[in-house]
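Have a look at the structure below, then the notes.
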Number of protein chains: 2
Amino acid sequence: MTRVLIRHKIWGETVELTERKRQILRSVVDSYIQTAEPVGSKAIADELGLSSATIRNEMADLENMGLIEKPHTSAGRIPSPKGYRLYVDELMRDYRLSVEETEKMNSALSEKMNELDKVIDQAGKIVSKLTLLPSYSLSTVRAPRVAVKRFEVIFVDSQSFILVVMTTLEQVKNKLIKVPFPISAAQMPVLSDVLNTHFTGLTMGEITQDIIQSAVLSSGAAGALIALVLEFVSEVLSTQAHGQYHLAGEGNILNHPEYQDPGKARELLTYLNEAGTDALAMPEDGSKVKILIGPENIAEELKDTSVIMASYNIGDGMQGVIGVVGPTRMDYAKVAARLSYFAEGLNRMFGGPQTPPALESPKKEDKDL
Amino acid sequence: MTRVLIRHKIWGETVELTERKRQILRSVVDSYIQTAEPVGSKAIADELGLSSATIRNEMADLENMGLIEKPHTSAGRIPSPKGYRLYVDELMRDYRLSVEETEKMNSALSEKMNELDKVIDQAGKIVSKLTLLPSYSLSTVRAPRVAVKRFEVIFVDSQSFILVVMTTLEQVKNKLIKVPFPISAAQMPVLSDVLNTHFTGLTMGEITQDIIQSAVLSSGAAGALIALVLEFVSEVLSTQAHGQYHLAGEGNILNHPEYQDPGKARELLTYLNEAGTDALAMPEDGSKVKILIGPENIAEELKDTSVIMASYNIGDGMQGVIGVVGPTRMDYAKVAARLSYFAEGLNRMFGGPQTPPALESPKKEDKDL
DNA sequence: GGTTAGCACTCGCGGGTTTTGAGTGCTAAA
DNA sequence: TTTAGCACTCAAAACCCGCGAGTGCTAACC
């Protein structure tokens, strides 16, 4: 019985392995990936039904070939980079995505951030960079009545048009809508007209079947487009209505000696990720900058962490909060100064602190409308 | 000489301090904020020109009032939360922002993310959540010729209008433009016409003074608007032309035992933040998913880190890369599967792998245009 | 030949003990 | 009221040591 050797190429060189050596290598890598512990001959022996001595011999060979190595004399083996390479190229079993996984990814893909989100998110990133601390930012709603103020329709080609929607929060959103049947440029004014007369000033809940009915009737050939439009409108209005929460610069926490213990750091980060939105809102006491020191935080997890936050005005009925989280030993003066300056900037950017008269000022610039 | 006591309110109670005690407390906090080390009587004695014994006496008092505490019997003092509170409310010196700081913040505020950025950034976040690893995402340009394909102008009121711009990369951007003088709805078609005949198909560099001149001439009263429009166009085209880089989920690195040493973790993170964009680009070898194991990375900092990345097609001439970074011991099969599935999704979302015929397909949905 | 049992050896890890030194509180003198 | 002096405390660092998982080698076995 002549031993069958299987040939592999790694980084130029070629190595030849018996099927058994392949199995052993695979086991070593698999197990190490799982447990993060060096794997000894015993474990593999059990798995393959051979004695540990045999495995040791084989492993010695694999080690000579540079595929595995031991961290120190008397420990199990771990894969070397070369071993990983061979594993990835030849040994690795295809991982089958579960349905849940694919579904999660699909829905994540189709989920979109709204405009406000993006600004807020971006602001958080900047603050984090500026303060070298993890930052969070959130928007809270004070008057949740959001409606469309104005529709515009732009003809693109026979299969698509652009819908532009201005909300009562002064945001402008748009979408390139593809239509499953041919349309003509002439239908656009009609559609725009119908939309503006029937659907402006209404929140999503106030749009009844009756209203839709009569809108469809009065728009003739363009009636079929109404459903498409409303779908988008619903999306826009609902994502507008509730506050958003973002974290940024989490890694910065590691810059501070009080979080040398990675357990501590992780604990804080996971707390921020999961529950942050509740604990970090700005109390409504008029002040611009708020400092919460250690135990002044309600949340147990923040007991030895300080939070500095500043608020700013977004459009009508919305308020933004941006803040940082750090050790109680933190340069309060410096951080507070930066944060407050930045919040002022945001305030200005969104159009000043006054509740702005409806149509007059363009408040936020709303590029990318 | 009667000692002057200064009264402070903290959390309801009031405490009275001599000026000297205030100075000492301030010194303790300042120094502790700087060094993160408990501060001893000696240091303060030097600073205030008194003997350490005197300071010790004073500190004992401060400790009794609950303003400072010692981590253990024979260590220096650190501020208690109460001490911090008093410091923040009364002792803290205003921090003066330097010009550089304010400038940095101002420019950060005015810097806007373009649409592509946001999608890419968002994708990174999702992947990071999915793989429990830090992720990065970047876009690289293959054909840097970007121009405007089409202009649309929407009248808002006598002082503002919305400009919608579609680029050759199939992105739709818009901006609410405020005009310093009254305009009329009638000017809009003229403006749109002039823009479309004079400026479509041209990169920013190709727009000469001559072209602008003739455009202004042929647009009559609306001519003054041209400059405003071009400013926006220039902004859009320039931010479109170069690749973007984003990191997300940095905190996830802490979930892996090989980064228990927070020094290691920090090193990796700072490297990723600073230099990532160079080291993590996708090589152009046609494959969809690329795995780099430990030393296969060129960068010294990544020598015991593996990178898995997948590429996808964005609009004409642009390619996106999304990847994760983790310990060499990583579940290659699982991560690669998820990443590649996700990249496919992105690919589809942007309109498939083919270089899409100019006007036909709407490729990316480009909501928020 | 390949496989296995047996055995001596290695060396990292966890635990306890010792040493060190910064910083304290107290007392007595200035 | 301030200061010098001194005995005391205690966390952190250095050191030591025994356990045991895992090894390599050899000799017997199939």
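Each chain gets a letter, A, B and so on, in the order its sequence line appears, and its residues count up from 1. FYI, side chains are in, hydrogens and waters are out, and symmetry mates aren't considered; it's all heavy atoms of this structure. Since the model is a prediction, treat every value here as computed from it, not as a measurement.
Note on B:R20: a side-chain N or O is less than 4.0 Å away from OP1 or OP2 of D:dT2. Under 4.0 angstrom from either OP1 or OP2 of C:dG25 there lies at least one side-chain N or O belonging to B:K70. Between B:R77 and C:dG25 there is a side-chain polar atom (N or O) within less than 4.0 angstrom of OP1 or OP2.
A donor atom on one side chain and an acceptor atom on the other are not found under 3.5 Å apart for B:S306 and A:Y84. When only modelled atom types and interatomic distance are considered, B:T305 and B:Y271 share no side-chain donor-acceptor pair under 3.5 Å. Side chains of B:D304 and B:T328: no donor on one and acceptor on the other come within 3.5 Å. Checking A:H246 against A:K125 by side-chain atom types alone, no donor-acceptor pair falls below 3.5 Å. A:D30 and A:Y87 form a side-chain donor-acceptor contact under 3.5 Å, judged by distance and modelled atom types alone.
For the pair A:I44 CD1 and D:dT23 C1', the interatomic distance rounds to 15 Å; values are reported in whole Å. The distance between atom CD of B:E37 and atom P of C:dG21, rounded to the nearest whole Å, is 17 Å. Atom C1' of nucleotide D:dG24 and atom CG of A:D61 are separated by 13 Å, given to the nearest angstrom. Taking atom CD of B:E63 as the reference point, atom C1' of C:dG25 lies 11 Å away to the nearest angstrom.
The pair B:E69-B:R77 does not count as a salt bridge, with every side-chain nitrogen at least 4.0 angstrom from each carboxylate oxygen.
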Check the pair B:I24, B:I68 against side chain to side chain contact (heavy atoms under 4.5 Å, CB included), reporting the backbone distance first and the verdict last. CA-CA 11 Å; B:I24 293 176; B:I68 56 182; over 6 Å; no
Is there a salt bridge (charged side-chain N to carboxylate O under 4.0 Å, His left out) between B:R22 and B:E19? Walk through the geometry before answering. CA-CA 5 Å; B:R22 277 168 49 99; B:E19 180 54 33; 3.3 Å; yes
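Between B:V127 and B:S135, the shortest heavy-atom distance links the atoms CG1-CB, 4.0 Å. Contact record, B:L247 with B:L272: CD1-CB, 3.7 Å, taken as the closest heavy-atom pair.
For the contact set between residues 51-59 of chain A and DNA chain C, defined by any heavy atom under 4.0 Å, the members are A:S51, A:A53, A:T54, A:R56, A:N57. Shown for residues 24-36 of chain A: no residue has heavy atoms falling under 4.0 angstrom of DNA chain C.
Counting only distance, with no hydrogens or angles, the side chain of A:T54 and the backbone of A:L50 share no donor-acceptor pair below 3.5 Å.
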For nucleotides 11-18 of chain C, tabulate all protein N/O to nucleotide N/O atom pairs closer than 3.5 Å, reporting atom names and distance.
unit_1 : atom_1 : unit_2 : atom_2 : d
C:dC11 : OP1    : A:T73  : OG1    : 2.8
C:dC11 : O5'    : A:T73  : OG1    : 3.2

